[in-house]
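Reviewing the structure listed below.
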Amino acid sequence: MNIKPIITLCLIALMTSACGVKETATMPLIKGETFADDEGNHINAHGGMIMEKDGTYYWYGENRPDSTPGNRQLGVACYTSTDLRNWKNRGIVLPTNETEGDLLEKGCIVERPKVVFCPATGKYVMWFHHELKGLGYGAAHAAVATADNPLGPFELIRSARVNQGVAPMNIDPDNLELDWPDLDWWTPDWRNAVEMGMMTGRDLEDGQMSRDMTIFVDDDGKAYHVYSSEENLTLHIAELDSTYTNHTGRYVRLFPGGHNEAPAMFKHDGTYWMITSGCTGWAPNEARLMRADSIFGPWEQLPNPCRGEKSELTYLGQSTYVMNLDGNYTFMADIWNPKNLADSRHLWLPVRFDENGTPFIESPYDTNKQ
Ligand code: GAL
C-alpha cells in the first residue's frame with residue numbers, strides 16, 4: 001500500500017491546525033423542531049440573538065416559564081457553542097429576583113435581550129424590553145445592564161423610557177403639536193395626528209415608549225437602539241453613545257402608524273435592511289422588509305421577504321434577529337407557544353439575495369427547497 005498520500009494529508013492537516021487556520025462554523029437550519037442543549041433540554045432562550053466573541057458564540061434569550069401556574073420568568077438565559085450546533089447551558093446571566101420593589105422583582109417581564117461588546121469600555125452591554133411587575137405592558141421601558149464577562153452576571157444600570165425631552169430629528173420641533181384634541185383611535189383624523197407626531201409630543205417630557213427592540217452596531221462601531229414606540233405604532237432608531245449605555249438624543253421615527261414590531265436589522269454591501277412583524281401579540285403575521293442607504297433613512301418599505309408555503313404568516317414565526325456570519329445571513333425567529341412559552345420553537349433560515357440584491361427567505365415547509 002502506498003502510504004505517501006496519507007502521510008502528505010496528515011502533514012497538511014497538522015500544518016493547518018498549527019497555523020491556526022480558522023474553521024468557520026455554519027448556521028444549522030432549524031425549522032421549528034425542538035432544539036436540545038447539552039443536557040437534552042429544549043433551548044429556553046427566546047426573542048434572542050447570537051453574539052460571537054473570540055471564537056465562542058453566545059446565544060442570549062428570554063428564559064420563559066413552562067405552563068406550571070405561578071412560574072415566573074427567571075431572566076435572560078445564555079447558551080454557548082463553538083460550532084452553532086452544540087449548545088451548553090450557561091444559566092441565567094441577568095436574573096430576576098425576590099426583592100420586593102426591585103426593578104427586576106419576579107413578575108416583571110424581560111423580552112428581546114440583545115448583547116454587544118463595547119470596545120470603548122471593554123464591557124458587555126445588554127439591552128432588553130422591560131415591563132415592571134404588576135403593570136402588564138404599561139411601563140414600556142428599555143433597560144440596560146452591563147457585565148465584564150459575557151457570561152455575566154449582568155448588572156442593571158437603568159430601566160426607563162428613552163430620549164426624554166428630545167424631539168426626533170425628522171420632525172420639526174417647532175411644529176411638534178403638543179395639544180391634540182381627544183381623537184377616537186383609528187379614525188382618519190387620529191391616524192393623521194399619529195403621523196404628525198401626536199404620540200411623540202405626548203411622551204416628549206417623560207420619554208418615548210420602548211417595547212420590541214434590537215441593537216444594531218454599524219461598521220463604524222456606532223450602536224443604535226431600534227424600538228417599537230408610540231403604543232407600538234411607530235418604530236424609532238436611536239443612536240447610542242460610545243459606551244453603548246446612553247442615548248445621544250439623535251433619533252428618527254419610521255413608518256408612523258405602521259405598527260411594526262420585532263425589528264431585526266442587518267447591513268449588506270452598504271445597504272441597511274430591516275425585517276419586522278406586524279402587531280398581533282403571540283400570533284404570527286406577515287413579515288415586512290425595509291431598506292435604507294443611511295441608518296437614519298429615508299427608509300423604504302418593500303414586499304414580504306418570505307416566499308412559499310406559510311410565507312403570509314412568516315412560517316408561523318416572528319423575527320428576532322438576523323445573524324451575520326462572515327457575510328452569510330440567517331433569519332432567526334420565534335414560533336411562540338403562548339400556552340407554554342418555554343416550548344416556543346426556533347426558526348433559523350438562510351437569507352438569500354435575488355438578482356436585484358433584495359433579500360428573501362424560502363419556506364421551510366416547501367420540501368423541494370433548502
Ligand atoms: C409580541 C411581541 C413579543 C411579546 C408579545 C406579548 O407582539 O413581539 O415580544 O411582547 O407580543 O403578547
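We count ligands from 1, going down the list as the structure has it; atoms in each ligand are counted the same way. Numbering of residues begins at 1 and proceeds along the displayed sequence.
- Atom 8 (O) of ligand 1 has its closest protein heavy atom at Asp212 OD2, 2.5 Å.
- The protein non-hydrogen atom at the shortest distance from atom 9 (O) of ligand 1 is Arg112 NE, 3.0 Å.
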CA sep, side-chain torsions, deciding dist, call: Met49, Met332, side chain to side chain contact (heavy atoms under 4.5 Å, CB included) = CA-CA 8 Å; Met49 58 90 70; Met332 297 171 62; 5.7 Å; no

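- Close placement of the His42 and His346 rings is indicated, their centers lying within 6.0 Å of each other.
- Under 4.0 Å from ligand 1, the heavy atoms of Gln318 that appear belong solely to its side chain.
- Each of the atoms 1 (C), 7 (O), 11 (O), 12 (O) of ligand 1 lies under 4.0 Å from some heavy atom of Gly281.
- Residue Glu111 has at least one N or O atom closer than 3.5 Å to an N or O atom of ligand 1.
- Look at Arg345 and Asp343 and you find a salt bridge, because one of the NZ, NE, NH1 or NH2 atoms lies within 4.0 Å of a carboxylate O, short of that distance.
- Taking a cut-off of under 4.0 Å to the non-hydrogen atoms of Glu261, the atoms of ligand 1 that pass are 1 (C), 2 (C), 7 (O), 8 (O).
- Using a 4.5 Å heavy-atom threshold, the side chains of Lys114 and Thr320 count as touching.
- A donor-acceptor pair shorter than 3.5 Å can be found between the side chains of Thr200 and Arg253.
- Of the heavy atoms in His129, none comes closer than 4.0 Å to ligand 1.
- Not less than 6.0 angstrom separates the ring centroid of Tyr329 from the ring centroid of Trp273.
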